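No experiment lies behind these values; they were computed from the predicted model shown. Naming: A, B, ... by sequence-line order, numbering from 1 per chain. When reading the values below, keep in mind they use all heavy atoms of this one structure, side chains included, and skip hydrogens, waters and symmetry mates.
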There are 2 protein chains.
Amino acid sequence: MARKASKVTIYDIASAAGVSRGTVSRAFNGNTDINSETRQRIFDTAKRLHYVPNMNARGLAKGTTECIGVIMPDVLNPYISELVGVIEKSARAVGFSTHIALTHNDAELQQKLLLRMASGQVDGIIITPCESDESVRQINMINAKIPIVSLKFREKLECDTVMGADSDGIRMIMEHLHSAGAKKVAFLTISGQDWTHLERHEAYLSTAKKLGLDYTKTESIDYSEGWEEMEKDVIRIVASLFKRKDNAPDAILAYDDILALVVINALRHSGIKVPDDVLVAGFDNIRLASVANMTLTSASVESSDIARFAIDILTQRLNSSSSSKVRHVRISPRLYVRDSTSRETLKGKGK
Amino acid sequence: MARKASKVTIYDIASAAGVSRGTVSRAFNGNTDINSETRQRIFDTAKRLHYVPNMNARGLAKGTTECIGVIMPDVLNPYISELVGVIEKSARAVGFSTHIALTHNDAELQQKLLLRMASGQVDGIIITPCESDESVRQINMINAKIPIVSLKFREKLECDTVMGADSDGIRMIMEHLHSAGAKKVAFLTISGQDWTHLERHEAYLSTAKKLGLDYTKTESIDYSEGWEEMEKDVIRIVASLFKRKDNAPDAILAYDDILALVVINALRHSGIKVPDDVLVAGFDNIRLASVANMTLTSASVESSDIARFAIDILTQRLNSSSSSKVRHVRISPRLYVRDSTSRETLKGKGK
DNA sequence: GCATCTCGTCCGCTCGGGTTC
DNA sequence: GGAACCCGAGCGGACGAGATG
């Protein structure tokens, strides 16, 4: 356990192998200007001496890291988890390692992470930003130094963005609910998630209007106090929604799948049956949605698509010094119809 | 969008502020030997010039990073997601930033990540290691350079470890199932997860024996082909388990909650009712277990406990050069009884 | 003598011009 | 005239001894 500071440097292995440090360096990097025998000898002694090239030094000298930063609010939401996983794989596929960091939706922390990463830690950044003006400013500033791809869009944002067309997804779900017989769809959302909320909410309202649904009702759930409180909040809201039978919704559209699951639970708690008494739909199509009896109707953009685009754009930026125009990709989501909105059968449709 | 390589260095801000680079350095680090006016002036010009200290250079010169590495197989499993989140928070609470990386259970990749991190990227590492002998060797080697805390235990592992007493958890669940009337408990597990599987499986067998349950049956699910195939595999196995009514289990203990949810789904698919026909229990108590109708009986160690211990140990290692003895912490899990094993009532007990 | 600041070095590695056979 | 290799100069900052008032 004696923690040897074992500073085995390029010097050590150079002298041990009887060459200069430059040669050792070349052995580990380019394939040029080096005899394969020498290279092998260097590798051998390197292994023998447990040599590990120092990334800091390399990064300092080279000015590049072959590494991209991934900044996410958290990783609790399965949707983000999946996203992070595929981003990592995609990045690795193109020779980049990945440096993941979490903001917990704290703009100050996000600031620190951006600065830290932009200061030689990574070559580019993929971020799901905090939703505040402050956040936009931060990103714009850092984007002037290294390329950033944001997974949320905002007018004033000056970096590339990649995201799903949430409004289409909401529209699809609303239409589905409508064709399933729903006349009164309520929208349950999370307070604080302004940008995303706004888009989804607007889509909810406009689609309701387009479908001739007079009833609209939006309820915000407070998630700032943690999961427990949030669950209680949902129960409270559900209870109030169904207090007057004649004015109760016959369908609930939740901000995302997690919330939808919580809502279903709250409904059961109140003795309201899904989908018999009320239809419930979520958004994001998290993997568990298909197994978490009751399976959940949902919509989402393939996270692999998001990841692919994000990586593509980032690598393009990194490879070409040409400061081409900013790109904003919108990917169409897909609708997944499952038990929570299927009255006729209990065999899950969709996947 | 013109990506200014904007190399604003300590030199620039030094000359702009009319001081030497050493002073600038001190302004950003120690509070010693510097006039508060000067410091303020330095901060101001630093901000004006968008100066960001280069982490690579700092790390190189200082030999320390105030950053810990977190290496996980992936982040899809909610249990791990939660863990990562709390580890990050705990680390931040003690002044460390966090560098998260994913192995996807690939020992080779793990090797690269370990090397990279150990080469000046981080001061210490918390890892949920791949389960192979190769992995053990890697960790031991790196542990000689910087402290590692493993979240899985293995005899030959020479680093600190922190983990839950899985066997106790399994025992608790088994006893619960037994007292709920189960006589024939089957164990469904994931193939490939050797270490963890072995411990849980052994506990399953020994507890069954202790409880006088003659029937034992272990089925391995193949998860190497991805989620879809895994689901099919579970359906197939469930079908075969219940082919002969007289020899079918009356309870299923799943390797973890995710698998349990999949199993419940498969059971429903086969027309078998939970908990009426068969009890189902998982392990890990993922948050969704409490809302994913049917709610799930489960057991787990608080991930915050794990995180706290891991961080504690790591910081101790980092703060004291004394190479004290290796520690192996075992934290008792807690049992969560919910609907999937409650016949008498549908009101969820436990949380 | 003391608070404040400067300067030279080094951290470990990359890079490109120069050298050797 | 190459192929193979050496060397010196940084990359951006930290640090400690010495300078300045």
Can you name the nearest heavy-atom pair linking Thr98(A) to Ala101(B), along with the distance?
O-CB, 4.5 Å
Is Gly22(A) touching bases, backbone alone, or none of the nucleic acid, heavy atoms closer than 4.0 Å?
base
Check the phosphate of dT14(C) against Arg58(A), side-chain N and O only, distance under 4.0 Å to OP1 or OP2. Yes or no?
yes
Rounded to whole Å, CG of Asn35(B) lies from P of dG21(D) at a distance of 16 Å
According to a strict under-4.0 Å criterion, is Asn29(A) in side-chain N/O contact with OP1 or OP2 of dT14(C)?
yes
What is the distance from NZ of Lys62(A) to P of dG12(D), rounded to the nearest Å?
16 Å
Would you say Thr38(A) reaches dC5(D)'s phosphate, i.e. side-chain N/O to OP1/OP2 under 4.0 Å?
yes
Take the protein atom CD1 of Ile42(B) and the nucleotide atom C1' of dT4(C), then report the distance between them rounded to whole Å.
11 Å
Can you confirm whether the side chains of Glu88(A) and His104(B) place a donor and an acceptor under 3.5 Å from each other?
yes
Would you kindly give the CG-to-C1' distance between Leu60(B) and dC11(D), to the nearest whole Å?
9 Å
Whole angstrom value for the distance that separates C1' of dA4(D) from CD of Gln40(A)
17 Å
Between P of dC13(C) and CZ of Phe28(A), the distance in whole Å
9 Å
Verify the contact: side-chain N or O of Thr23(A) to OP1 or OP2 of dC5(D), cut-off strictly under 4.0 Å; return yes or no.
no
What nucleic acid atoms does Asn56(A) come within less than 4.0 Å of, heavy atoms only: base, sugar-phosphate, or nothing?
nothing
If you find the nucleotide of DNA chain C closest to Ala61(B) and the one closest to Val24(A), which residue's nucleotide is nearer the 5' end?
Ala61(B)
Distance col, row Ser97(A):OG vs Leu113(B):CG, nearest 0.5 angstrom, shows 7.5 Å
Here's a test of your reading of the structure: between Ser20(A) and Ala57(A), which maps to the more 5' nucleotide of DNA chain D?
Ser20(A)
Just how far, in rounded Å, is P of dT14(C) from CD1 of Ile13(A)?
11 Å
Of Pro53(B) and Tyr11(A), the one whose closest DNA chain D nucleotide lies more 5'
Tyr11(A)
To the nearest Å, give me how far apart CZ (Arg26(B)) and P (dG13(D)) are.
15 Å
Would you name the heavy atoms of Lys156(B) and Asn140(B) that are closest together and state the gap between them?
O-ND2, 3.1 Å
Where the side chain of Ile10(A) is concerned, which of dG12(D), dC5(D), dT14(C) is the nearest nucleotide?
dT14(C)
Under-4.0 Å side-chain N/O to phosphate OP1/OP2 contact, Ser25(B) with dA14(D):
yes
Return the CD1 to OG1 distance between Ile13(B) and Thr45(B), rounded to the nearest 0.5 Å.
3.5 Å
With a 4.0 Å cutoff (strictly under), does any side-chain N or O of Tyr51(B) reach OP1 or OP2 of dG13(D)?
yes
